[in-house]
Amino acid sequence: MANSAQARKRARQAEATRMRNASQKSALRTAVKKVKKAIATGDRAAAAKTLQESQAVMDKMAEKKIVHKNMVSRTKSRLSTAIKALA
C-alpha cells in the first residue's frame, strides 16, 4: 500500500486511467465486431460504411496510445481485405 500522499494520489490516478483505457479498448473491440457482423451479412456497401465509421474509433485509440498503431493498421487491413473479398 502507498505510504506517502504522493504515492496515494498516483495510485488513484493510475486506477482512473486504467478504467478509462479499459472502456476505450472495449469500444474498439465493439467497433471491430460491428464490421465483422456487417461482413457476415454479405452486404458489401453496408460493411464498407461500417468500416469507415469504425476506422475513426480505431485511429483515435492508436493516437492516444491505448493500443499499438500497428495493431490498428493490421486490423483495418484485414477487415478491408475481407470486404473486398465479398465481391
Side-chain angles (χ1 to χ4, degrees):
M1 187 62 205
N3 290 323
S4 66
Q6 178 185 10
R8 284 191 293 273
K9 180 178 179 180
R10 286 304 300 158
R12 282 195 313 270
Q13 289 176 329
E15 180 63 15
T17 302
R18 186 187 70 79
M19 297 289 282
R20 190 179 317 111
N21 287 348
S23 172
Q24 291 181 336
K25 278 186 183 181
S26 177
L28 173 72
R29 287 191 293 268
T30 302
V32 172
K33 285 179 190 175
K34 282 182 184 178
V35 177
K36 288 182 179 179
K37 188 174 181 182
I39 291 169
T41 64
D43 186 3
R44 186 176 183 179
K49 186 176 185 306
T50 309
L51 175 63
Q52 190 172 7
E53 293 167 359
S54 296
Q55 281 179 340
V57 174
M58 292 184 223
D59 289 335
K60 279 183 193 172
M61 296 307 113
E63 189 177 310
K64 294 178 181 181
K65 296 189 169 111
I66 292 170
V67 293
H68 199 279
K69 64 180 181 174
N70 290 354
M71 183 275 240
V72 170
S73 178
R74 181 175 61 245
T75 303
K76 291 192 305 188
S77 176
R78 287 178 180 170
L79 292 173
S80 177
T81 302
I83 291 172
K84 288 177 185 173
L86 289 176

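None of these values were measured; they are calculated from a predicted model.
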query: Rounded to the nearest 0.5 Å, how far apart are OG1 of Thr75 and NZ of Lys36?
result: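 NZ of Lys36 is found 8.0 Å from OG1 of Thr75.
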message: Would you compute the distance between atom CG of Asp59 and atom OG of Ser73 and round it to the nearest 0.5 angstrom?
response: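 It is 9.0 Å, given to the nearest 0.5 Å.
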task: Would you please test Lys84 and Arg44 for side chain to side chain contact (heavy atoms under 4.5 Å, CB included) and show each step?
output: CA-CA 8 Å; Lys84 288 177 185 173; Arg44 186 176 183 179; 4.2 Å; yes
- prompt: Do other residues, nucleotides or ligands put more than 12 heavy atoms under 6.0 Å from Asn3 CG?
  reply: no
message: If you count every heavy atom of other residues, nucleotides or ligands that lies below 6.0 Å from Lys76 atom NZ, does the total exceed 12?
response: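 Count over threshold, so yes.
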- request: Could you tell me which non-hydrogen atom of Ser54 sits nearest to which non-hydrogen atom of Ala31, and how far apart they are?
  value: OG-O, 3.2 Å
- prompt: In the hydrophobic clustering (ILVMFWY, side-chain contacts below 4.5 Å, transitive), which residues join Val35, or is it alone?
  reply: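 Result for Val35 is Leu28, Val32, Ile39, Leu51, Met58, Met61, Ile66, Val67, Met71, Val72, Leu79, Ile83, Leu86.
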field: Non-neighbouring partners of Lys49 that pass salt bridge (Lys or Arg N to Asp or Glu O under 4.0 Å), sequence neighbours left out
entry: Glu53
Let me have the donor-acceptor pairs involving side chains of residues 12-20, under 3.5 Å, with sequence neighbours excluded, atom names and distances please.
{"residue": "Gln13", "atom": "OE1", "partner": "Arg10", "partner atom": "NH1", "Å": "2.6"}
{"residue": "Glu15", "atom": "OE1", "partner": "Arg18", "partner atom": "NE", "Å": "3.2"}
{"residue": "Glu15", "atom": "OE2", "partner": "Arg18", "partner atom": "NH2", "Å": "2.8"}
{"residue": "Thr17", "atom": "OG1", "partner": "Gln13", "partner atom": "O", "Å": "2.9"}

